[in-house]
Amino acid sequence: MDPSTTPRPTLLVVDGHSLAFRAFYALPVDNFSTEDGQATNAVYGFLTMLSQVIEAEKPDRVGIAFDVKGGTFRNELLTEYKGTREAAPEELLSQLPLIQQALTALGVRWIEKTGYEGDDVIATLATMGERDGCRVLVLSGDRDAFQLIDDDVTVLYPGYHFKDLKHMDSAAVEAKYHVTPRQYPDLAALRGETSDNIPGVPGVGDGFAAKWINQYGGLDAIIEHADEIGGKKGEALRENLDQVRLNRRVNALVRDLDLGVTIDDLGYGHVDADLTERLFGELQFGERTRTKLLASFNTAPDALGGQGQPAIPAIVEPLVDTLTDVASLRMWIEQYCPPADATGDGPDRSLDVIAEYDRQSTQCADAVRRSWTLYVDGDAKPGHAEARMAAIMAGAHAVAFDPADPRYHDTLRALLDTHAGSLSVHGFKELLHMLAAADLSCPAVLFDTNLGGYLIDPDFQGGGLEECAAHFLDIHIDERAGGPSQGTLGFEDDDQDEDPVQRCIDHAAVVAALARRLAPELERREQYPLLRDIELPTSRVLFHMERIGASVDRVRLDELHAQFADESARMETIAERAAGRSLNLQSPKQLGVVLFEEMGLKPTKKTRKGSYTTNAAALQMLYSTSEEGSKANEFLGALLRHRETNKLKQIVETLIDAIDPKDGRIHTTFTQTVTATGRLSSVDPNLQNIPNRNAAGREIRSGFVPGGGFVDLLSADYSQVELRIMADLSGDEALIEAFRAGADFHRYVASLVFGIPVDEVTPDERARVKAMSYGLAYGLSTYGLSKQLGIPNSEATTLRDRYFETFGKVHDYLESLVANARRTGYTETIFGRRRYFPDLNSPNRQRRDAAERGALNAPIQGSAADIMKIAMVRADRALRGAKLTSRVVLQIHDELVVELAAGEVEEVTALVKDAMEHAVDLAVPLDVSTGVGTDWQRAAH
DNA sequence: CCCAGATATTC
DNA sequence: AGATCAATATCTGGGC
């Protein structure tokens, strides 16, 4: 990446008052006044001076800072602050609003902040610009601005004639004052500033101040060694220490104000012609002045026909700094990484001290803009995580190093301990795994671009950084790396193995760009509370669960495997004998040939692609209609048994393969950003679909056991969460009452639906109502209901009608979900998690119907997912808080599995149950049933 | 080797 | 004609 191919944009920050003063005193009032006596010299001078600088420097962005009337925090420190500076003459003050109006008309952004000086606004803008990868020019006649100077910031300091602006960079400051820009405020504090009525040490000027600074390193050290300084000046220093300290506090500029603007808001070039004409008319500017100013401000660099200026590139080209030793990393961090407390309004919540869900506080963009980025390259797989390389990006600067390198390890640890609250990452959970591999941890994090992207668009199947960058930034990382015309002209050898350091840094830059892009979007969609209060804390819990893993009984699994394999093989033999030939029972195609051609069975329903289905339901149908004792009957019976046992054999096999030989446990990965509704999923292996419905399959659960040092497993699951959520959200009194009534919920509902006493409800009636209840939230059709229950469509229709008569508000609620989604484009869970449904307006009937069912289901399934995440975080916190050893190991949507340590059974059961039941306060109580046993099957209840 | 389709499992 | 939300994993068979 050759920087010259993507020039860094330039930001011009102007000290408005300083420029207005200059203009006022440079031009005679007499020559610049309107007929009715309004002075215009400052307005005229200000605008022409500004236009000159813009033409000379051709910045891409411009921001003008102004002071606000009234005191600032500095007045409270120093009562006499700026006391002798003669109040600006009324003739100048009256022009300030005119200047601001003119700037607005000319399309130039000006900014002020109550309680702060223009200098602080300047410092903040400069810092923001630097962070966004800009070259920053500060136009100011105030020497306090010199402290802002560094590689990226230059101060334009007016000389005697305004025209000869001095470009003050580090070298210029050092040449003139013999101190670095960072040390300049120390020097100023010693020397004082007469123009601001700030007394320094009597008899100490620039020369002595610089001498001391260079001798001792800085003001703090000088104060420390004040006793050692001899002579009159040393005495004077000791007598004025308090004053000097105060001076230093007063001249420190505030660099992290919340100005409510981004650098991208500081574009210019769009003159409001009407407004300008009117204002310039009132000011009685001459024709030549008008056209010149208009042209000057309308000609933004590269403006294409006046439309817009170049966008700030999403990616800030990293300025890579080289590390030589620990000290260099420490210094780098101190210089560039913002401490957590500088990020402002409190997104720095330690994840171990989770605040209550706070839907109101949704601000994060400003903090994220100021945040630093950590990218770790390595492997996040639970069990064998590894951290190969780490890159830190802060502002436009970046460094990379091996986090395990003892030279940097402790410094990184300290950085994470103190600065994690202002950290942006991509994939907090994965980061925790990789950090843990390097014996590091991370107490908090401000932003996660993976989770953030997921909350913005849960239907986007992204996951990786590359996909996110492509989706949200339209940046294609691979192309960036190896693409043509990227500065490798004539050198085509190193495309293969790109420098891992550069790669890591590039990725950190992408994360930084993503964070800046996503945070405002997250704010706009009010999703930040979900990220901060639910997803990030959940990530940490999942990290622990994955790292711990689930213990299994290898012997038991082997035994089950042998059992299933044996039966599967026997069934295969029988099936082949009945078919009269060998075939692959796992090939639907081959099965079709045998069943529908060779055996001549009546073809079943077709699949989408036209072939005949051989799924279990169809085979069962064929089986029960085939003649007892026939070859087909025998074949189908064996095939069905084979299907079942072979599947179970396969499941056990993958579980066995997944056992980590290091600890005999299975470490699944919970993916937090894949489901469109907010649920988790489990991969590699999937531990959320271990058989449970059939007795044979359920046996596999007996292979999940407490690990060494633990005595039992606890299984805790929510009863009818989704129905309870429906009751709460719909506000249906009858349904709410049904839950309050306790006892057998489905039986009670059936009695209401059929209008009969509870004890007269038959098992069949109960089953029908239960299926109806659950089908509701899925958008189940009467056709589907009839098929599921094996009843005629007419009966299903009657059932549905009676159900909705009984629970009218449920019906209304479900309809309102779809209606609202069609209006707003999205659905929302209790906690505000959104899912978008563009297909609700699709002309395609099928897609539209599917979207309607989705819109029905998403808020309900999603709310249940939110609740479970909160419950997990609460449970984890409760267990840790009580210093218990027992730990959550699995989550299966509405169930938590906990590994119980000896003597903790009762306490843990109570804590987990409470954590789950009180995760949220609904109109109906949440009910959690628990069971304890020596394996997962026995823990079932 | 990759992808789609069919089938299975879970909540 | 199609008709239940959300997932993951395995196997087959076709295509490159």
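Since we're looking at a predicted model, the values are computed, not measured. Computed over heavy atoms, backbone and side chain alike; hydrogens, waters and symmetry mates excluded. Within every chain, numbering begins at 1; the chains are lettered A, B, ... in the order of the sequence lines, protein sequences first and strands thereafter.
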Notebook entry, point to check: Between A:His893 and A:Tyr718, is a ring pair (Phe, Tyr, Trp, His ring centres under 6.0 Å) present by the stated rule, with each step listed?
Noted result: CA-CA 9 Å; A:His893 307 307; A:Tyr718 283 114; over 10 Å; no

Margin query: Measuring only the P atom in each nucleotide, how far is B:dA6 from C:dG2? A whole number of Å is fine.
Written below: 13 Å

Item checked: A:Glu576 and A:Ser582: side chain donor to acceptor below 3.5 Å -> no

Check: How long is the line joining CZ of A:Arg698 and C1' of B:dT9, in whole Å?
Finding: 14 Å

Check: Between A:Thr613 and B:dA6, is there a side-chain N or O to OP1/OP2 distance below 4.0 Å?
Finding: no

Margin query: Can you confirm whether the side chains of A:Ser681 and A:Thr671 place a donor and an acceptor under 3.5 Å from each other?
Written below: yes

Next item on the list: Would you mind reading off the distance between A:Gln720 atom CD and B:dC11 atom P, rounded to a whole angstrom?
Entry: 15 Å

Next item on the list: Would you tell me whether A:Gln563 and A:Glu699 have side-chain atoms, one donor and one acceptor, within less than 3.5 Å of each other?
Entry: no

Margin query: Expressed as a whole number of angstroms, how long is the span from A:Asn694:CG to B:dA8:P?
Written below: 12 Å

Next item on the list: Produce a footprint string for nucleotides 9-16 of chain C: one letter per nucleotide, 5' end first; B if the base is under 4.0 Å from any protein heavy atom, S if only the sugar-phosphate is, - if neither.
Entry: SSSSSS--

Notebook entry, point to check: For DNA chain C, what is the dot-bracket line, given that a base pair needs Watson-Crick (N1 to N3, plus N6-O4 or O6-N4) or G-U wobble (N1-O2 and O6-N3) geometry with both distances under 3.5 Å, and | means paired with another strand?
Noted result: .....||||||||||.

Notebook entry, point to check: Which whole-number value in Å describes the distance from A:Tyr783 OH to C:dT4 P?
Noted result: 8 Å

Note to self: Whole angstroms only, please: what is the CD-P distance between A:Glu722 and B:dC11?
What the structure shows: 12 Å

Check: B:dT10 P sits how many Å from A:Gln688 CD, rounded?
Finding: 13 Å

Note to self: Does a side-chain N or O of A:Ser681 approach OP1 or OP2 of C:dA6 to a distance below 4.0 Å, or not?
What the structure shows: no

Item checked: Those residues of residues 764-780 of chain A lying under 4.0 Å from DNA chain C by at least one heavy atom -> A:Tyr778, A:Gly779, A:Leu780

Next item on the list: Please name all residues satisfying side-chain contact (heavy atoms from CB on, under 4.5 Å) with A:Ser929, sequence neighbours left out, ordered by chain then number.
Entry: A:Asp717, A:Ser719, A:His941

Checklist line | Whole-Å distance separating the NE2 atom of A:His893 from the C1' atom of B:dT9 | finding: 11 Å

Next item on the list: Could you list by number each residue of residues 832-868 of chain A showing a heavy-atom separation from DNA chain C of less than 4.0 Å, or answer none if no residue does?
Entry: A:Arg835, A:Arg853, A:Asn857, A:Gln861

Next item on the list: Taking ring pair (Phe, Tyr, Trp, His ring centres under 6.0 Å) as the test, write out the residues that go with A:Tyr803, two or more places apart.
Entry: A:Phe807

Item checked: Set of residues satisfying ring pair (Phe, Tyr, Trp, His ring centres under 6.0 Å) with respect to A:Phe745, sequence neighbours excluded -> A:Phe739

Item checked: Side chain of A:Ser781 - closest among C:dA3, C:dA7, B:dC11 -> C:dA3

Next item on the list: List in chain and number order the residues that pass side-chain contact (heavy atoms from CB on, under 4.5 Å) with A:Asp379, two or more places apart in sequence or in another chain; answer none if no residue qualifies.
Entry: A:Lys381, A:Glu386

Next item on the list: Locate the shortest heavy-atom distance separating A:Ala632 from A:Met599; write the atom from each residue and the value.
Entry: CA-SD, 3.8 Å

Next item on the list: Please list, chain by chain and in numerical order, all residues satisfying side-chain contact (heavy atoms from CB on, under 4.5 Å) with A:Arg853, sequence neighbours excluded.
Entry: A:Asp849, A:Ala850

Contacts under 3.5 angstrom, residues 650-658 of chain A side chains, donor-acceptor by atom type, not counting sequence neighbours:
from	atom 1	to	atom 2	distance (Å)
A:Glu653	OE1	A:His561	NE2	2.7
A:Thr654	OG1	A:Gln650	O	3.4
A:Thr654	OG1	A:Ile651	O	2.8

Margin query: By the ring-ring contact (aromatic ring centres under 6.0 Å, His included) test, which pairs, at least two apart or in different chains, include something from residues 829-876 of chain A?
Written below: A:Tyr357-A:Phe831, A:Tyr826-A:Tyr836

Margin query: Distance check, C1' atoms only: C:dC5 and B:dA4, in whole angstrom units.
Written below: 23 Å

Check: Rounded to whole angstroms, how far apart are CG on A:Leu648 and C1' on B:dT9?
Finding: 9 Å

Next item on the list: Would you please say whether a donor-acceptor pair under 3.5 Å links the side chains of A:Asn793 and A:Ser786?
Entry: no

Check: Contact class for A:Leu785 vs. all strands (heavy atom < 4.0 Å): base, sugar-phosphate, or nothing?
Finding: nothing

Check: Taking 4.0 angstrom as the limit, do A:Arg833 and A:Glu828 come out as a salt bridge?
Finding: no

Check: How would you list, by chain and number, every residue that makes a side-chain contact (heavy atoms from CB on, under 4.5 Å) with A:Val705, sequence neighbours excluded?
Finding: A:Ser551, A:Asp553, A:Asp935

Margin query: Taking any heavy-atom pair under 4.0 Å as a contact, classify A:Arg643: base, sugar-phosphate, or nothing.
Written below: sugar-phosphate

